[in-house]
Amino acid sequence: VSTQSTGHSLMLSRVVKLSVGLGFGVFALTSENSSQVAKCFSLNPFASSNSKAPEQETSSTPVSAPFSSKPHAAFSAQLPDKAVLVWGKADLFPQNSQVEAQPTGLTSPNLHGLTGKDVSKVAFGESYAAALLQREKKVLTWSSKNVDSLKEIKNLRSVADVKCGFGGSYIALTEQGDVYTWKGEENPVKIEGLPERVAKISVGKEHIVFLTKKGNLFSLGQNEKGQCGCGLKKKVFSTPCQVKGLEEKDKIVDIASGEYHNLALTDSGNLYSWGDDTYNQLGYFNDLKQFKNLAFPLDQLFSSSSSPSSTSSTIPPSPGPIPSPQPRANKSSPSELVTASGYHVRPTQYRAKKVPLADHIKLIACGSQHSVAINSQDELYTWGNGLHGQLADGQLRHSFGVKKVQTPPFSVPENENAVQGAKKGKIEQLSCGKFHCAVLVDGNQVWSWGGNQYGQALPWKRVNQKQPAKVVEERPVKSIHLGDYYSCVLEKGAK
């Protein structure tokens, strides 16, 4: 018996029964040496031609963890000081360094010998990464092509932050407020044209957003989906432009970027968003009725040379199994786009606009096509694309409104002898990869959820995690860093 999508085979075994799940695995009962043996093989859950997620790496080793009824323990083993924990897609991790699944938790990694060093940040792109050393203010990079060696970026000093951009590019922010970019073996080049010193940067697929030390926003790069937010339907901004739509009284204190959309947080806890809104990742709608009743001109989606009869080449493909939008006539509004499900979609917002959230927001993050926010009461909000479980609501579907998610209380016992009652955990950090997210709670717990085809959310299984689950506990965590299909936890040093 063989499975075409993964190449797994059951050789030298007499198969008694065979059961195939809906794209997630094969369960075989074989007869070997006068005894029956159960074998499980995982299949690629994203093998559908409509899916944009990459194919899952295959292995000839049977995978039994996802079928176990006994929950795995969160990682809490003894590790060296200032440990660097990593898990997810294996192409960036040298041999013996990746965190792997074990029946009782996770094994200890030693990524590129970084354990024990004062690492302040690890950033991930698509098969490339960077580490920032806090004391030396230096950047080290590596990729899947040279996974066993680190490259120090020589012509860059006093680095405060580093990000991974598109196509193997890197972006670094210095303590002086300057921003540099480079790719591969190139020397870093300073981004010119910024009128103010930069305090923070966020990076989308092909655009960069700059938060200045004065609290103003500028952006640069591709703008076909309005991701620059400068108020113009211009395809590219080759020099920095100022983001429009912000109220003068609002001072921006944090920013986050998905592939084609952005979030900006003010000092008063208000939230702005702009860019692509195909999956309501901008959060302008509070319910399905609002979303269905919205129509927009077709020229916002189609190019000037396109027509309704040539939509297949001009409409961006859907990243999930939901069919791509198709235009159809409507008596009340002849110029509108309607999906096969009957939902009207507005894909582009060229200016920043407030998200209708009454709560005071303290943390924000963006996945590829979804958004996450934490309020001052440590409650979780998610919206946008949810086909991988990244909305943490127990579903594999999109969200048509910004709503509070019913999640575990992220709580810890008041004391070790407590039977009832627990205090609510404080969410200190939030981070997202392409389709998965994680939070740091009380400085010693990491909860994760979302897309898990490479084990990037929970390394002991390969099924999408639809609700938050604890992956690290009772560890002195300094920071969490997610990107693409990877996760990283940096631990504090001994006091």
Side-chain angles (χ1 to χ4, degrees), residues 24-25 42-47 51-59 63 65-66 72 74-75 84-94 97-102 105-107 109 111 121-131 142-144 147 163-164 205 256 258-259 319-320 365-370 372 382 384-392 396 429-440 445-472 475 477 479-490:
F24 290 92
S42 66
L43 295 180
N44 179 11
F46 303 98
S51 174
K52 301 300 287 185
E55 292 183 0
Q56 181 176 332
E57 294 182 340
T58 60
S59 170
V63 179
H72 285 81
F75 180 57
V84 178
L85 303 177
V86 289
W87 60 93
K89 193 176 178 182
D91 62 339
L92 279 180
F93 304 135
S97 73
Q98 185 191 13
V99 176
E100 298 175 348
Q102 296 294 339
L106 314 175
T107 59
L111 178 62
K121 172 77 179 285
V122 176
F124 297 104
E126 190 173 351
S127 298
Y128 51 97
W142 73 98
S143 71
S144 58
V147 69
K163 304 281 188 182
C164 289
K205 189 169 184 178
E259 284 193 355
C366 292
S368 176
Q369 296 141 345
H370 77 285
V372 185
T382 61
N385 187 331
L387 293 182
H388 303 267
Q390 61 265 50
L391 300 186
L396 296 176
Q429 295 180 28
L430 168 67
S431 183
C432 288
K434 184 170 286 189
F435 302 119
H436 72 297
C437 297
V439 291
L440 171 60
Q445 303 175 48
V446 177
W447 296 67
S448 186
W449 67 91
N452 202 45
Q453 62 269 44
Y454 297 111
Q456 65 266 37
L458 300 182
W460 50 76
K461 65 178 186 178
R462 296 296 183 271
V463 178
N464 290 335
Q465 181 64 32
K466 297 182 287 186
Q467 291 180 313
K470 193 184 297 183
V471 65
V472 175
R475 304 293 308 170
V477 177
S479 57
I480 57 176
H481 307 277
L482 277 60
D484 207 69
Y485 299 101
Y486 314 95
S487 297
C488 176
V489 167
L490 301 178

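Using a 4.5 Å cut-off on side-chain heavy atoms (C-beta onward), Ser368 and Gln390 make no contact. For the pair Trp460 and Asn452, the minimum side-chain heavy-atom distance is 4.5 Å or more. Under the 4.5 Å side-chain criterion, counting only non-hydrogen atoms from C-beta, Gln465 is not in contact with Ser448. Within the 4.5 Å cutoff, side-chain heavy atoms of Lys121 are placed close to those of His481. Side chains of Leu387 and Phe435 form no contact here, defined as non-hydrogen atoms less than 4.5 Å apart. Between Glu126 and Cys164 the shortest side-chain heavy-atom distance does not fall below 4.5 Å. Trp87 places none of its side-chain heavy atoms less than 4.5 Å from the side chain of Tyr454.
Side chain of Gln369 to main chain of Gly258: no donor-acceptor pair is present (N/O by atom type, distance under 3.5 Å, no hydrogens or angles). Under a 3.5 Å cut-off, the side chain of Gln429 and the backbone N or O of Ile480 do form a donor-acceptor pair. Under a 3.5 Å cut-off, the side chain of Ser127 and the backbone N or O of Ser144 do not form any donor-acceptor pair. Between the side chain of Ser487 and the backbone N or O of Gln456, at least one donor-acceptor pair lies under 3.5 Å.
Around the CD atom of Glu259, the shell of radius 6.0 Å holds more than 12 heavy atoms that belong to other residues, nucleotides or ligands.
Within the model, atoms NZ of Lys434 and CG of Asp484 stand 4.5 Å from one another, a figure rounded to the nearest 0.5 Å.
Put simply, the residue from Val471, Val463, Asn464 that forms a side-chain contact (heavy atoms from CB on, under 4.5 Å) with Leu458 is Val471.
Between Ala438 and Leu482 the shortest heavy-atom distance is N-CD2, 3.6 Å. Nearest heavy-atom pair across Val122 and Trp142 is CG1-CH2, 4.4 Å. Residue Gly389 comes nearest to Trp449 through the heavy atom pair O-CD1, 3.6 Å, listed as atom of the first residue, atom of the second, then distance.
Remark: Thr382 pairs with Val372, Leu380, Leu391, Val405 by the side-chain contact (heavy atoms from CB on, under 4.5 Å) rule, at least two apart or across chains. Applying the side-chain contact (heavy atoms from CB on, under 4.5 Å) test to Ala365 and every residue at least two apart in sequence or in another chain returns Leu430, Cys432.
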Just do the side-chain contact (heavy atoms from CB on, under 4.5 Å) check on Val84 and Cys488 with the steps written out, would you? CA-CA 7 Å; Val84 178; Cys488 176; 3.9 Å; yes
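Between the side chains of Tyr486 and Asp91, at least one donor N or O lies within less than 3.5 Å of an accepting N or O.
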